[in-house]
Amino acid sequence: QVQLVESGGGLVQPGGSLRLSCAASGSISSINSMQWYRQAPGKRREWIATITRSDSTGYATSVKGRFTISRNNANNTLYLQMDSLKPEDTAVYYCYAELDWPGSGYWGQGTQVTVSS
């Protein structure tokens, strides 16, 4: 079992920044990669970024160059640093822990990010 608790969402103006956090607990050693997704109202869930156990990272084209995924292994926390935010970044953001076993993983509860003037 892996439990994920997200925080850091809120209201920000275009061009601003936010840092999302996802605190993981439970069977941390079983996690193969950590990922961020987002889902805007009426739209499908969109993959945003991934960080692997070996610290390789990948980003969706829509956020590359503006968002940075990172982790702190000491406190088992995943981060998403979001800079140069745009209104189209408005969504509920979710973290996901992909486990070693294929097709298995756990989702956080999501945190709302709203980018608006």
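Only this structure's heavy atoms are used, side chains among them; waters, hydrogens and symmetry mates stay out. All of these numbers come straight from a predicted model, not from anything done at the bench.
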CZ of R71 to SG of C22, rounded to nearest 0.5 Å, is 12.5 Å
Is there a chain of hydrophobic side chains (I, L, V, M, F, W, Y, each step under 4.5 Å between heavy atoms) that links V63 to V115?
-> yes
Gap separating the CG atom of L78 from the OG atom of S70, nearest 0.5 angstrom | 7.0 Å
Any chance CD of Q13 has more than 12 other-residue heavy atoms, nucleotides or ligands included, within less than 6.0 Å?
-> no
Just do the side-chain hydrogen bond (donor to acceptor under 3.5 Å, both in side chains) check on S104 and E98 with the steps written out, would you?
-> CA-CA 6 Å; S104 62; E98 183 183 42; over 6 Å; no
Any donor and acceptor pair, going by atom type alone, linking the side chain of W101 with main-chain N or O of G103 inside 3.5 Å?
-> no
Go through the side-chain N and O atoms of Q39 and Y37 and say whether any donor and acceptor fall under 3.5 Å apart.
-> no
For V2 and S30 the tightest heavy-atom approach is CG2-OG, 4.2 Å
Report yes or no: do Y106 and Y93 belong to one cluster of Ile/Leu/Val/Met/Phe/Trp/Tyr joined by side chain heavy-atom distances under 4.5 Å?
-> yes
Taking only residues two or more places apart in sequence or in another chain, which ones pass side-chain hydrogen bond (donor to acceptor under 3.5 Å, both in side chains) with S7?
-> none
Closest heavy-atom pair and its distance - L4, A24 | CD2-CB, 3.6 Å
Taking the six-membered ring for Trp and the single ring otherwise, decide whether the centroids of F67 and W36 are under 6.0 Å apart.
-> no
Gap separating the OG1 atom of T111 from the CG atom of L80, nearest 0.5 angstrom = 11.0 Å
Correct closest heavy-atom pair for S62 and R66 would be O-NH2, 2.9 Å
Do Q1 and S25 have side-chain N/O donor and acceptor atoms under 3.5 Å apart?
-> no
Is the backbone N or O of V113 less than 3.5 Å from a side-chain atom of R38, with the two atoms forming a donor-acceptor pair by type?
-> no
Closest heavy-atom pair and its distance - G16, V12 | CA-CG2, 3.8 Å
Given the rule in the side chain to side chain contact (heavy atoms under 4.5 Å, CB included) test, do R45 and W107 qualify, once you have shown the distances and angles that lead to the verdict?
-> CA-CA 12 Å; R45 185 174 56 196; W107 293 93; 3.0 Å; yes
Sidechain-backbone polar pair: T77 side chain, N75 backbone, donor-acceptor under 3.5 Å | yes
Counting distance only, does the side-chain N/O of Y59 pair as donor-acceptor with the main-chain N or O of I69 below 3.5 Å?
-> yes
First locate atom CG of L18, then atom CE of M82, and finally report the distance between them rounded to the nearest 0.5 Å.
-> 4.5 Å
Carboxylate-amine/guanidinium contact D83 R19, below 4.0 Å = no
Indicate whether the side chain of T114 and that of S116 have a donor and an acceptor atom separated by less than 3.5 Å.
-> no
Any chance you could measure I28, atom CD1, to Q3, atom CD, to the nearest 0.5 Å?
-> 8.0 Å
Test item: E6 side-chain N/O and G110 main-chain N/O as donor-acceptor pair under 3.5 Å = yes
At their closest point, which heavy atom of A40 faces which heavy atom of T90, and how far apart are they?
-> CB-O, 3.7 Å
CD1/I48 to OH/Y94 distance, rounded to the nearest 0.5 angstrom?
-> 12.5 Å
Exercise: identify the closest heavy-atom pair between S84 and S17 = N-OG, 4.3 Å
Sub-3.5 Å donor-acceptor pair from the side chain of R53 to the main-chain atoms of M34, do we have one?
-> no
